[in-house]
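Here's the structure, in structure tokens; my notes come after.
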Amino acid sequence: MLLNQYLLLAAALFVIGVFGVLTRRNGVLVLMSVELILNAVNINLVAFGTFHGDIAGQVFALFVIAVAAAEVGVGLAIVLLIYRNRRSIDVAEANLMKG
Amino acid sequence: MSGSFTGVFAAAAAETFEPSSWLFDNIWLVPAMPAASFVLILLFGKRFKDHVHWLGIATVGAGLVFSLATAGAWISQYESEQTHHSEEAVDGEIIRVVDAEEDGHAEEGDHEEGIAPRGCNLEENTQDLFASSEYALGAGGLSTVEYAASEEGGEGEGKAEHVKPDPVVNCLNWFEVGSFGSGTEAQGARSLAFSIGTIVDGQSLMLLVVVGIVSFLVHVYSSEYVKGDRRYVHYYAFLSLFTASILFMGLATSTLQLIVGWELVGVCSFALIGHWWEEKPNSDAALKAFLTNRVGDIGLLVGMIVLFFGAGQSFDILTINHAAVSGEMSQTSMTVASLCLLTAVMSKSGQFILHTWLPDAMAGPTPVSALIHAATMVVAGIYMVGRLYPVFWEGMNIPGSSFNALAFVGALTTVGGGALAFVQRDIKKILAYSTVSQLGYMVLALGVGAWTAAMFHLFTHAFFKGCLFLGAGSLSHACHHSFDIKSEMGGLRTKMPVTFATFMIASLALAGLFPFAGFWSKDEILVGTGGFPGTDANGTYTVLLIMGLIAAAMTAGYMTRAIWLIFFGEYRGHVQPHESPRVMTIPLVILAALSVLTGFLNFPEDWFGGLGERYGLKFEQWVEPGGGDTFHVIGHGDSNLLLAVVASLLAIGSAVFVWSYYQRLYAKDATATEYTDGLASRSRIARAGHVFLEQKYFLDIIYTDIIVGGIKGPVARMANWINQNVIDAVVNFAGTSSTAVGRFVYRFIDQGTIDGAVNLSGTSASESGQVLRRVQTGRIRQYASLMFGAATLLAAVFILVV
Amino acid sequence: MISTLVLVAQETGNSWDLPANIAFGIISVIAIGGALRMVTTNNVVHAALYLLVVLASVAAIYILLGAEFTAVTQVLVYIGAILILLLFGVMLTRAKIGGDEELDYEQRWMGLGVSVLLFVVMAYSLWEEFGSDTRLVGYEPQRTAEVADSVFSTYIVPFEAVSVLLLAALIGAVVVARRD
């Protein structure tokens, strides 16, 4: 068992998550991709925790899970609000920041 | 741990001792008190309303008392150590003054032989972040690290030997990042501790005293000057925060802490310049100050990062200095770092060509100008150079002088700033350009290796420039909030006697006439250039000496002009001027007294017979750092009476010239402020020169129109052109060709799967062509992609380079 | 990429490691495949189901790493709560259930380039730093009691902070999504 195999798996999941965030139009799908990114980070935390024989990795992974729950709650609320106001959750259409 | 650092700079290492006092270990109280005042004002300011100044005055006053007591303790320990040392020396014994191991705490911060002295050497490899910070916050977390006394010191030749005090460093572990380097702790990875702490030595105490005195007087003065202002509470809150942050910066043990203080000072300056932000010029000036400083801040950040890696991954200032002195840091990194830091100095300390914000910063309330833009904030750059002097010394190769950007920038600034002061008609702007010029003096002094002279000039300049600014405030208070010396002032000497007297004294000090403070410090800088025969300084900078002399003559000239237009001739305003109330004049008197007296702190040893030997050069002895391990030899020129006479004569001559100009003008027309048929109107070259000066060397125009406009216009056009012609073409080609390929494939290969994809890519490609037509799409996604991409590239660069 | 991981998983010949490596290979293939499908499928509900697959396999990875409590929490919180929440989101926003051609942003290539670049940089630096010789040796399951001890002693302050954060997020979500 290499440490690296876990880290590479996490890297792959992370990158796929980034890809999802960057390409998906649907707000809910963007949130799902963010979850993927957070999971990749968690794998890293737990892998390093095991590697160092330190409980801290797990503890922080748990914190990240809790924060992810909060993030999804607020994120979905925002998506719902966008949907209610614009009848669409296409994030690509939300271009109010246009200069 | 004693005696580990000898060698290259053994001769430089004077004997040292370790001062200790409860005061030195608790110096953090000094910045903490105004900081507490800021918080209190923020929370309860509204309730205090018009009495909020008492909070500020009380805390800053307490801080001042504390720092004066600390300075007193420092000086008395220094002096007693000298007598002790000379008695011992008579016995012919070689003594070790203090052994570091005596101190129980020192062992905690002990380090192995050969490792650079770390100011903050707490537990390394602490596994558990939170646990370690608990430790650090607990009683045991405070570690006092003392510095090694050198074994082979005291052999230097030349002037009388002094036992030098080592800096007293106290620090806490601020935060820590996990293992650096690969593998586990067992495999040699180490964690990196970021410490926050206080350093007490001559330099920091000097700054503490200067800031304390000026800030205290400004707090008192403001209670009258800003009385009834709509944001009185806000004003005092930021004044307190400003004081706290400059003190915090002065006590910094690590470059990180220095940056934090530096930026805090910048923010407060921004808030205070824009105090009356309802008027557009004021908020513009605040923005200009902030943005100009940001230009330099990039240099600061890059420079500090270079130093971090150059010194073997350390933010600790003493470690960095040690690495610079001992040659552990490569010449390249020191040169790069010192050049980067020079841009920071140029912006913060108003050096040519980034000085343009400083005169505009006069839009703030006058006491703020006195505090920030004369006495304290603008010296932050000087102070930083002084703190990291070994880096500059080596990086700029100061003694060798082949390449010395520091001295060059300083000399350019001191002459350029002085010339600009001649054409201003706003008293505060005259003083602002004068500040630019004097800061140039300090940088010049640092550039030629006259560290002590620069610090001494910083010290004296704060008092007389503070006095001048507060005097200008008093004038405007009398003249209905106007600063225009041509249309609103004149003949005020009888109407405002106290302001007149103090303004005169401060001006004489600024012009550098005997026996006022400026005379001593300016003379020391001129001596330090080594250009004058027989001064025997670090180098021989004749050109710089000449520029310094020109600037000295200019200073006397423009101050004479200002004084004549303000205090002599006929009154040209239309309100009834009156002397300011006591609350404002007493700070003026105190500062004027200080600008007379402080010069004597460092008069040369060979002056006034025996007095010089006994009481001369005290500032130098008290303020100069311990030397040896973490600091270079600071060269001193030999004082030269002839040079002092030449400089004084130049100043007097220039003053007499300007004076006679206005006297003749007065004889002709009592209310005139300049000849209508003067040189500037008769000679085209002189007029061009006048316009050149009035337009401030066209720097603002260069910045806004040429640089910003030049970047904004063509870049946008070019991007547009590329989008229109290159990208569109490529995209269209890709689109059409892929649809063509798609059609081709459609006929031969599986229609259901591939065709759709190809069509999709074709249409999406042409769609993205549409999108790219405008650079600013407002699409967050695109920004996010670019951001991710840029961050990745940056990470790749770091991985490959570091 | 996947095959590399499988190779990595299999190249260590320790007898004790072999079953774990095989398990890791299977799980990682499932995880990465699920993730790839999740970000490419045209159906929102399918994407949620693929996310379930990924989350479950990550939980399995935790078990492989001996972090059992985290694995259980992963199942409970992620699959039990977050995924359901996301499905509610899909329902409430009336996403097309049958599949949607326009789920992807036009600028796929940009995201793809950035992602590939990111992966190359990360993989390179990981390989440089840890190589093929940094092994996880003799790891044992970390006991839940230890986790509890740690959370309620050393990390009590962050724990409380997280609870406050959850409360704030709850209130925030209600405030943001409220119909008024």
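A note on names: the letters A, B, ... follow the listed sequences, proteins ahead of strands, and every chain is numbered from 1.
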Inset, instruction - For residues C/Ser28 and A/Leu9, report the shortest heavy-atom separation together with the two atoms involved. - result: CB-CD1, 3.7 Å
Legend entry - Expected output: side-chain A/Thr50 to main-chain C/Leu65 donor-acceptor under 3.5 Å: yes
Inset, instruction - Please confirm whether A/Tyr6 and C/Phe130 have ring centers closer than 6.0 angstrom. - result: no
Legend entry - Aromatic ring pairing C/Tyr155/A/Phe63, orientation class (parallel under 30°, perpendicular over 60°, tilted between): perpendicular
Legend entry - chain C contact via A/Ala68 - side chain, backbone, both or neither, heavy atoms under 4.5 Å: both
Legend entry - C/Glu129 and A/Asn4: side chain donor to acceptor below 3.5 Å: no
Inset, instruction - Tell me, for A/Ala56 versus chain C, whether the close heavy atoms (under 4.5 Å) come from the side chain, the backbone, both or neither. - result: both
Legend entry - Any A/Gln5 side-chain heavy atom under 4.5 Å of C/Asn21 side chain: yes
Inset, instruction - Please state whether the side chain, the backbone, both or neither of A/Leu13 comes within less than 4.5 Å of a heavy atom of chain C. - result: side chain
Inset, instruction - Select one option (side chain, backbone, both, neither) describing which atoms of A/Glu71 are under 4.5 Å from chain C's heavy atoms. - result: neither
Legend entry - A/Phe14 and C/Phe119 aromatic centres sub-6.0 Å: no
Inset, instruction - Please check if any side-chain donor atom of C/Gln74 sits under 3.5 Å from a side-chain acceptor atom of A/Asn42, or the reverse. - result: no
Legend entry - Part of A/Leu7 within contact of chain C (heavy atom distance under 4.5 Å): both
Legend entry - Interchain contact, A/Leu81 with chain C, by part (heavy-atom threshold 4.5 Å): side chain
Inset, instruction - Quick one: closest heavy-atom pair of C/Ala173 and A/Ala77, and the distance? - result: O-CB, 3.6 Å
